[in-house]
Amino acid sequence: MLTWGGSGVPARPARAGTPRRLLAAAGLTLLLAVTAAPASAAGPGDPGADCPPGQTDCNVWDDDPGVPGGPGGGGNPGGGGGAGDGAAAKCQWNGRVIPCYDDVLGWFNTGDGCYYKLAEPQPTAPDGKQWYVQTCNGGDLGAQTVVLRDGPPPGYGAPPDPEELARRALASISLLPPRIAVAPRRSKGPGLVGLPVWMWASGGASYFGPLTASASDRGLTVSITARVNRIVWNMGDGTRVTCTKPGTPYAADGPRAGLTSPDCGYDRGYRRAGTYRVSATTYWTVHWAAGDGDPNGDIAQQRNSGTVPVEIDELQVVTR
């Protein structure tokens with residue numbers, strides 16, 4: 001079994017017939033003198049391209065659309081946050097999240113599950129008392145009455161919650177699951193044990209940011225900026241690789257054909273032959289700020305990709 005790759009940039013393969021001493025898998029110290037298969041085979045369309053040792057077709061290293069992904073945790077499908085985030089807002093009733101303020105119903109009292117607003121016009125009331133329109137059952141309009149109170153109920157007249165506004169703004173944009181690709185591409189041929197694997201995801205604001213939005217309520221405006229801070233790849237063999245960029249698409253006729261990815265790759269490659277299913281998760285940071293920047297905070301989101309298959313074979317070599 002021949003292995004090739006590592007954390008650095010691999011050396012160009014030796015010419016056919018030249019003995020080479022290569023370190024086998026990690027943890028092994030046995031040095032084997034081997035005769036490599038013709039390793040300077042040109043990739044299609046580029047007579048000068050060098051393929052990995054034993055790989056005569058650099059086009060094997062290409063993308064595979066794989067299986068579509070989903071939104072992952074921390075948001076609504078295709079979007080971000082909003083009422084679908086159970087931990088988002090401060091007000092809940094009967095297990096569901098509801099607005100703490102409603103333009104029609106008024107302010108919500110968490111103590112009794114009712115919204116309150118001043119009745120207009122005000123009926124005659126004793127001194128110090130006021131009439132309120134009360135809508136209970138978390139805003140069920142079928143349970144609306146007019147009640148006389150000594151003063152406003154708890155929560156009445158409270159200013160907008162800036163984080164709730166931030167999540168409202170988040171619900172207006174789409175943080176899409178990553179669309180991933182890998183090289184080698186199973187549909188064009190297997191990769192080899194020990195050779196580096198390239199990974200990349202679709203770029204663009206909806207996949208990696210930045211995205212901006214804002215929401216306003218009763219004179220308060222909250223602005224958000226959402227961007228991916230990292231993408232974590234599950235290589236299907238128990239290994240996870242973290243990248244801070246979408247990655248570079250593999251080009252069979254490019255200057256790095258058969259070498260390691262410049263910014264997002266599994267450099268040491270797989271240690272055993274088999275078919276592996278690769279997936280990725282993007283981790284978003286949504287920073288929000290109210291008014292002149294205070295208060296402010298962050299909302300974490302993540303999106304999960306589908307899976308892409310990678311087929312890996314062993315390279316048979318002749319030892320001397």
Side-chain angles (χ1 to χ4, degrees), residues 70-123 125-126 128-175 177 211 213-226 283-291 294-304:
N76 295 324
D85 284 308
K90 301 285 194 298
C91 298
Q92 298 189 31
W93 183 249
N94 284 343
R96 62 189 175 95
V97 177
I98 60 176
C100 292
Y101 173 81
D102 185 273
D103 291 338
V104 175
L105 305 178
W107 284 268
F108 185 70
N109 178 4
T110 57
D112 59 13
C114 300
Y115 282 94
Y116 292 88
K117 71 173 182 178
L118 280 173
E120 296 180 356
Q122 272 284 310
K129 296 181 180 290
Q130 288 181 302
W131 293 95
Y132 290 83
V133 178
Q134 179 192 64
T135 309
C136 293
N137 283 337
D140 182 359
L141 290 176
Q144 193 170 68
T145 58
V146 179
V147 296
L148 185 64
R149 293 183 59 94
D150 293 329
Y156 188 88
D161 176 24
E163 185 172 349
E164 188 175 336
L165 281 182
R167 291 183 179 273
R168 191 184 304 175
L170 179 55
S172 71
I173 60 177
S174 293
L175 314 183
L211 291 170
S214 63
S216 300
D217 187 13
R218 290 168 280 156
L220 178 64
T221 297
V222 173
S223 300
I224 65 169
T225 301
Y283 291 86
W284 293 75
T285 296
V286 182
H287 182 73
W288 61 266
D294 189 27
N296 61 78
D298 294 317
I299 303 171
Q301 298 277 285
Q302 67 185 63
R303 297 293 182 268
N304 299 325

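This one's a predicted model, so the numbers in the text were calculated from it and none came from an experiment. One is the number of the first residue; the rest follow in order along the sequence.
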How long is the span from the CG atom in Asn304 to the CD atom in Gln302, to the nearest 0.5 Å?
-> 5.5 Å
Answer yes or no: is there a donor N or O on one side and an acceptor on the other, between the side chain of His287 and the main chain of Gly297, under 3.5 Å?
-> yes
Euclidean distance, Gln134 CD relative to Asp112 CG, rounded to 0.5 Å = 6.0 Å
Can you tell me how far the CH2 atom of Trp93 sits from the CG atom of Asn137, to the nearest 0.5 Å?
-> 7.0 Å
Report yes if some heavy atom in the side chain of Pro99 is under 4.5 Å from a heavy atom in the side chain of Glu164; otherwise report no.
-> yes
Check Pro159 against Arg218 and note the closest heavy-atom contact, atom names and distance.
-> C-NH1, 4.0 Å
pair Tyr132-Pro152: side-chain heavy atoms closer than 4.5 Å = yes
So how far is it from Cys136 SG to Tyr116 OH, rounded to the nearest 0.5 Å?
-> 5.5 Å
Any sub-3.5 Å donor-acceptor pair from Trp107's side-chain atoms to Ala158's backbone N or O?
-> yes
Is the closest side-chain heavy-atom distance between Leu148 and Pro126 below 4.5 Å?
-> yes
Would a 4.5 Å heavy-atom cut-off, applied to side chains only, mark Leu220 and Pro160 as touching?
-> yes
Are the side chain of Gln122 and the backbone of Trp131 linked by a donor-acceptor contact shorter than 3.5 Å?
-> yes
Is there side-chain contact between Asp217 and Arg168, with at least one heavy-atom pair below 4.5 Å?
-> yes
Go through the structure and list residues passing salt bridge (Lys or Arg N to Asp or Glu O under 4.0 Å) with Asp103, not counting sequence neighbours.
-> none
Could you grab the distance from atom CH2 of Trp288 to atom CG of Asp298, nearest 0.5 Å is fine?
-> 9.0 Å
At what distance, to the nearest 0.5 angstrom, does CG of Leu211 lie from CD1 of Ile224?
-> 8.0 Å
Residue list, side-chain contact (heavy atoms from CB on, under 4.5 Å) with Asp102, at least two apart or on another chain | Val104, Leu105, Tyr115
Is it the case that Thr221 and Ser216 place a side-chain donor and acceptor less than 3.5 Å from each other?
-> yes
